2 protein chains.
Amino acid sequence: MDPSRLATGALRAPGRRRANVPEATVARLPLYLRALHVLAEDGHQTVSSEALAEAAGVGSAKLRKDLSHLGSYGTRGVGYDVTNLVEQISAELGLEHRCSIVLVGVGNLGRALAGYGGFASRGLAIDALLDADQGRVGEVIAGLTVQHVEHLPQVVSTGSIGVIATPALAAQEVCDLLVAAGVTSILNFAPIVLTVPDGVDLRKVDLSVELQILSFHEHRKAALTAAGASA
Amino acid sequence: MDPSRLATGALRAPGRRRANVPEATVARLPLYLRALHVLAEDGHQTVSSEALAEAAGVGSAKLRKDLSHLGSYGTRGVGYDVTNLVEQISAELGLEHRCSIVLVGVGNLGRALAGYGGFASRGLAIDALLDADQGRVGEVIAGLTVQHVEHLPQVVSTGSIGVIATPALAAQEVCDLLVAAGVTSILNFAPIVLTVPDGVDLRKVDLSVELQILSFHEHRKAALTAAGASA
DNA sequence: AACTGTGAAACCTTTCACAGCT
DNA sequence: AGCTGTGAAAGGTTTCACAGTT
């Protein structure tokens, strides 16, 4: 959110050799990682920027530029070593030491997230489920027992990621609780603008926003074809 | 994806007065709309760019620039008329004529999406549920009966938006079916890269990608504090 | 010959600062 | 006086094209 802080001096650590990785690049690293896993399972040992870009759904120049921000891990004339690149990207994303994920709000969406297998595969899995509703406390979902939201401080450890899947009205309160418990990275599914202190990273996923964006494009296309028909 | 196409000649329609709205602006219009609805319910008749920006979680300069792309709907010295602005943005997003939404894949996530109230409130609601699993066909979720995916052509109408909530392996096939049925706007929740023909808009929501991005920031913060401690 | 890594150009987005309207 | 609308500057991202390496 405040990119200027990304560039502040603090990271002149002893043996660091790389500059800051641009935000747009970070957002694509998970895509490359996923594509690489598929390639590895297919038995590929190396991959060209062209092929990996294709698998990840981006242009090859973009891919090379992105990877160049992590360092020079390719071999000219050959391509990238799949296993090595998986390791480099995983390291960059901090996926070595599985950080814990706590999910607050076990409604429809929370349940779906808890049961979603996509996380587990790659170093990320939900470790705790919490809810404010006593009626849900004790229920077992995807192998985890739902705890009352008051136990938040006990289930949070350093480096935990918080996921908010509560109704909009409860979201800010839950967010404050997460921050108070020391969480500095939050993913919000509630359709509301949350406020967090400096130093806390907040991302949001808003389903109806996505649909409205598509609605815009659909609307525009309809207008275009109507205009085309009248021309 | 290909911004150049957005700027092609085709839209020189007779009475058009506005230029193209930038993609980044489109992505924020739904946020403004939501904030405006809240303000309207609170009884506000007008709102300043400062106040609306605050409510939407953006800067006021950005908000004004965004709204200026839609036209001049504010009054200097006063602000924006809430009701009017809601109408203008709704029109821009094409939320007048409720376009139908068909959701394919009624697993955990699909169920959650079907039951999610967030859509219904604002011109967008799911109209049909489909699944490839005969065991799920006939089930009633959120007032809708699940139909077999073969009925897709019958439930799709012009301007429909397709939502894919199937497992990754089925997603491309379902996507192809949607495209064949005439859908030109698709929202994909499956963790896989989909290929669509030109002219079809594709957006994706990937939960594990979001978590991995947060993991990166968490990791970076940890590295920073470690470096800070050693300094 | 094949392919990476990267300056430079083109493009898009955000921020600033203020002219101009009410 | 207060606030919008907008050129211009600053910053970030993507694309191009090719030098350099294996």
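First the proteins, then the strands, lettered A, B, ... as listed; each starts at 1. Please read these numbers as outputs of a predicted model, since none were measured by experiment.
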Starting from [atom2] on [N], measure out to [atom1] on [X] and report it in whole angstrom.
X	N	atom1	atom2	answer
B/Lys62	C/dC12	NZ	C1'	13 Å
B/Tyr73	D/dT6	OH	C1'	17 Å
B/Leu67	C/dT14	CG	P	14 Å
B/Leu85	D/dT4	CG	C1'	12 Å
B/Leu29	C/dT13	CG	P	13 Å
B/His69	D/dG7	NE2	P	11 Å
A/Leu63	C/dC3	CG	C1'	12 Å

(request) Find which nucleotide of DNA chain D each of B/Lys65 and A/Arg64 is nearest to by heavy atoms, and output the residue with the more 5' nucleotide. (result)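 Here B/Lys65 is the residue nearer the 5' end.
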(message) Using heavy-atom distances to pick each residue's nearest nucleotide on DNA chain D, tell me which of A/Asp66 and B/Glu50 is more 5'.
(response)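 Per heavy-atom nearest nucleotide, the more 5' residue is B/Glu50.
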(request) Can you tell me which residue pairs pass the salt bridge (charged side-chain N to carboxylate O under 4.0 Å, His left out) test with a partner in residues 69-90 of chain B, sequence neighbours excluded? (result)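 Sorted result for residues 69-90 of chain B: empty, none.
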Out of [options], which nucleotide sits closest to the side chain of [X]?
X	options	result
A/Glu23	D/dT13, C/dA8, C/dC18	D/dT13
B/Ser68	D/dG5, D/dT14, C/dT14	D/dG5
B/Ser72	D/dT13, D/dG5, C/dT6	D/dG5

Exercise answer: donor-acceptor pairs, residues 161-182 of chain B side-chain atoms, under 3.5 Å, sequence neighbours excluded:
{"unit_1": "B/Gln172", "atom_1": "OE1", "unit_2": "B/Thr195", "atom_2": "N", "d": "3.0"}
{"unit_1": "B/Gln172", "atom_1": "NE2", "unit_2": "B/Asp176", "atom_2": "OD1", "d": "2.8"}
{"unit_1": "B/Gln172", "atom_1": "NE2", "unit_2": "B/Thr195", "atom_2": "O", "d": "3.1"}

(message) I'd like to check the side-chain contact (heavy atoms from CB on, under 4.5 Å) partners of B/Thr184; sequence neighbours left out, ordered by chain and number.
(response)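 For B/Thr184 the side-chain contact (heavy atoms from CB on, under 4.5 Å) partners, ignoring immediate neighbours, are A/Glu218, A/Lys221.
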(message) Restricting to side-chain contact (heavy atoms from CB on, under 4.5 Å), what partner residues turn up for A/Glu50, sequence neighbours left out?
(response)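 If we apply the side-chain contact (heavy atoms from CB on, under 4.5 Å) test to A/Glu50, skipping adjacent residues, the hits are A/Ser48, A/Ser60.
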(request) Using heavy atoms and a sub-4.0 Å distance, could you list which residues of residues 74-83 of chain B are near DNA chain D? By number, please. (result)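 When residues 74-83 of chain B is checked for heavy atoms under 4.0 Å from DNA chain D, the hits, listed by number, are B/Gly74, B/Thr75, B/Arg76, B/Gly77, B/Val78, B/Gly79, B/Tyr80.
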(request) With sequence neighbours left out, write down each residue that passes salt bridge (Lys or Arg N to Asp or Glu O under 4.0 Å) with B/Arg64, or none if nothing qualifies. (result)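 With neighbours one apart ignored, the set is empty.
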(request) Could you pull out the closest heavy-atom pair between A/Leu33 and A/Val86, with the gap in Å? (result)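 A/Leu33 and A/Val86 have their closest heavy atoms at CD1-O, 3.8 Å.
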(message) For a side chain to side chain contact (heavy atoms under 4.5 Å, CB included) check, start with the C-alpha distance between A/Glu92 and A/Thr25, then their side-chain angles and the critical distance, and finish with the verdict.
(response) CA-CA 11 Å; A/Glu92 191 67 38; A/Thr25 295; over 6 Å; no
(request) Tell me which of B/Gly59 and A/Ser48 sits closer to the 5' end of DNA chain C, going by the nucleotide each one is nearest to. (result)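 On the 5' side of the pair lies A/Ser48.
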(message) OP1 or OP2 of D/dT14 versus the side-chain N and O atoms of A/Arg28: is any pair under 4.0 Å?
(response)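 Looking at the OP1 and OP2 atoms of D/dT14, one of them is under 4.0 Å from a side-chain N or O of A/Arg28.
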